[in-house]
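Values below: every heavy atom of this structure, side chains too, minus hydrogens, waters and symmetry copies. Letters A, B, ... are given to chains in the order of the sequence lines, protein chains preceding strands, and every chain is numbered from 1.
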Amino acid sequence: MKFKNKLATNDFIITAELFPPKGTEISTLLNKADILAKVVDAINITDNQRASMRVGSLAICKLLKDRGYESILQMTCRDRNRIALQSDLLSASVLGLENVLILSGDHTSAGEYIGTKAVYDLDTIQLIKAARLLETGVDLAGKKLKGSPKFCLGAVANPTASPLDLQLLMLEKKINAGIEFVQTQTIFDIVQFQKFFDTIRYKNIKILPGVTVIKSVAFMEFLKKLPGVNIPQNIQDRILSAKNPFDEGIQICAETICKLRDFADGVHIMAIGIEEYIPDILKKSGKI
Amino acid sequence: MIITVQKNFSDLLMQTTDKDKIFIVGCAGCATKCNTGSEAAILEIEENFKQNNRIVSGFAVLDTACDIRVAKKELIKNNNFSEATIILALTCGAGIQAIEKITDLKIIAGLDGLFVGTTERIGVYNQYCSTCGQCIVDKTAGICPVTRCSKGLINGPCGGFVNGKCEVDQEKDCAWVLIYEKLKKTNSVNIIKDTYLPPRNIVKPKNIIYKKKDIKQ
Ligand code: SF4
Ligand code: SF4
């Protein structure tokens, strides 16, 4: 089913994220996509995430399209000016891609090219509006288009940001600018997310909370250092005392999704390198 | 004011020889305020040169080095300046280029110009404005997101602020949290949600030439 149509249902929506490779070896990613396509509603393809240079999300989304899979093209404001951003939106459209997740993008200082120019010619609100403008057959320069695109637009929100009110104001602004769905940064604390969700559910827009698998003790320590990542103590204790932290991480992720199934619109799974376990996680999450 | 920092002395030294007569130009404006082109700064460099077998023929602290008229008036009559073989400018780049107009000698840039700074106290300067050419701070609680948000976002924050700090630098306040906190004081945080600033079309002039009749004295 088209992701846009799926959003209109009351189903629990499942998306997962894949990173394009650094290099031209594409089979690993495609194998993972083959596995995921059976169990998720759409596969997000990141856009040079953490400001590291990789294969472009547009190319990968097209490859997935050729295999008949729904993808979500991630598009950041970091690397392209308004000419390139609008051009890529049109390119997506002619390639048959309609789902676009718009985000500002990790700053260049987080990545491999610290000294490069961070562009941010448009911000997320401006890019959302630009995409909606293209749909009306006009571009930002006011020029008429021959044939106009159609998009299903999403944006991100961070339920762990503080002050949270500011994040909510911004989310509302994105909704007013014309987005149809939201994917969030990683959450581990269901109670915290539920509070966030309850404040905005009236907005009549699908919110897919992000979840991550804690693969190991070292990975948990890494996550804890990331700004805004809040791992509740009981989860930390479980990983620390587990005989097999990997299995425990899978179990915790499945339990989180299981709880989300009770009240949330869906889930966005960022399995960071172990995407082949997602079917297993989802299966477990239905039975707990 | 224009915030400058001194270049490494060894880099300056390398550009001179013991045959040179070095004339040092400082500036009584910004570069004196941040103590990079003041008389004291000049004397210190002069001393360093002397200890390294260099000849300093003289120095001058121009009133405002970036004013070509001042540079001309104060330097041309200075005998030590006329005798010099090389100039060391302890001024910002605007100052150097006023001095350049009145001499063909090689000019060594002694300072790196960093930004237009707001002074917190002597020695603590912040870049709050990047002279973007289209000021929007009347819409952002007087706090400039063009300069102070790491991504220059003008329609509100990214998702990365945590406890008021920026995702790019945990030591740095998130500009949008500052704007939000300021607006909260007047119960007007909704401005962030309700104000849309379209993409900016900034073409900044590189010079401004007023007609004489338009200049109010
Ligand atoms: S918007 Fe910011 S950078 Fe531009 S002029 Fe105003 S304070 Fe300076
Ligand atoms: S955290 Fe704040 S200051 Fe930093 S990039 Fe995001 S919005 Fe800008």
Side-chain angles (χ1 to χ4, degrees), chain A residues 51 76-78 81-83 85-86 103-111 114 118-130 133 140-141 155-177 182-186 210 225-230, chain B residues 130 132-134 136 139-141 143-204:
Chain A
T76 74
C77 301
R78 180 191 58 227
N81 68 11
R82 64 193 80 173
I83 300 174
L85 286 168
Q86 292 182 99
L103 56 174
S104 63
D106 296 319
H107 193 265
T108 49
S109 64
I114 291 171
V119 181
Y120 301 111
D121 180 39
L122 300 184
D123 58 35
T124 44
I125 302 283
Q126 291 166 341
L127 183 53
I128 293 164
K129 284 189 174 261
L133 182 70
L140 279 174
V156 294
N158 184 1
T160 65
S162 65
L164 188 60
D165 281 354
L166 176 56
Q167 189 64 201
L168 291 169
L169 280 173
M170 200 50 195
L171 181 54
E172 220 178 315
K173 193 167 182 174
K174 287 175 181 174
I175 294 170
N176 294 342
V182 172
Q183 293 174 318
T184 82
Q185 256 104 322
T186 300
K225 282 194 205 106
L226 295 180
V229 174
N230 167 27
Chain B
S130 38
C132 74
Q134 208 177 79
I136 57 160
K139 296 175 188 71
T140 55
I143 294 164
C144 172
V146 175
T147 312
R148 297 170 71 180
C149 162
S150 300
K151 299 177 184 171
L153 307 174
I154 60 172
N155 275 296
C158 71
F161 58 88
V162 176
N163 299 322
K165 297 293 174 190
C166 172
E167 71 166 21
V168 176
D169 179 354
Q170 293 296 294
E171 302 291 305
K172 208 177 137 260
D173 292 328
C174 165
W176 277 101
V177 173
L178 295 176
I179 294 168
Y180 168 80
E181 297 294 346
K182 183 91 183 277
L183 290 171
K184 227 162 87 175
K185 292 183 187 164
T186 49
N187 284 326
S188 37
V189 292
N190 278 340
I191 289 178
I192 296 175
K193 171 169 65 79
D194 299 333
T195 311
Y196 172 64
L197 296 172
R200 305 196 308 156
N201 296 309
I202 297 175
V203 184
K204 274 210 295 182

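With A/Gln167 contributing its side chain and A/Pro163 its backbone, the two residues share no donor-acceptor pair below 3.5 Å.
With a threshold of 4.5 angstrom between heavy atoms, B/Tyr180 approaches chain A through side-chain atoms but not through N, CA, C or O. If you measure heavy-atom distances from A/Ser109 to chain B, the contacts under 4.5 Å come from the side chain alone. Both the backbone and the side chain of A/Ala161 come within contact range of chain B, judged by heavy atoms closer than 4.5 Å. Looking at A/Gln185, only its side chain comes within 4.5 Å of chain B, counting heavy atoms on both sides. Proximity to chain B (any heavy atom under 4.5 Å) is restricted, for A/Leu140, to the side chain, taken from C-beta onward. Only the side chain of A/Leu122 comes within less than 4.5 Å of a heavy atom in chain B; its backbone stays farther off.
Note on B/Leu197, B/Asn163, B/Ile179: by heavy-atom pairs under 4.5 Å with chain A, the leading option is B/Asn163. Taking chain A as the reference chain and counting heavy-atom pairs below 4.5 Å, the highest number among B/Pro199, B/Gly156, B/Gly159 is found for B/Pro199. The most heavy-atom pairs under 4.5 Å with chain B, out of A/Ala155, A/Gly105, A/Cys77, come from A/Gly105.
Listed by chain and residue number, nothing satisfies the salt bridge (charged side-chain N to carboxylate O under 4.0 Å, His left out) test with A/Asp165 (two or more places apart in sequence, or in another chain).
Side-chain atoms of A/Thr124 and A/Lys174 form no donor-acceptor pair, as typed in the model, at a separation below 3.5 Å.
Screening residues 192-204 of chain B for side-chain hydrogen bond (donor to acceptor under 3.5 Å, both in side chains) gives A/Arg82-B/Asn201 as the qualifying pairs, with residues at least two apart or on separate chains.
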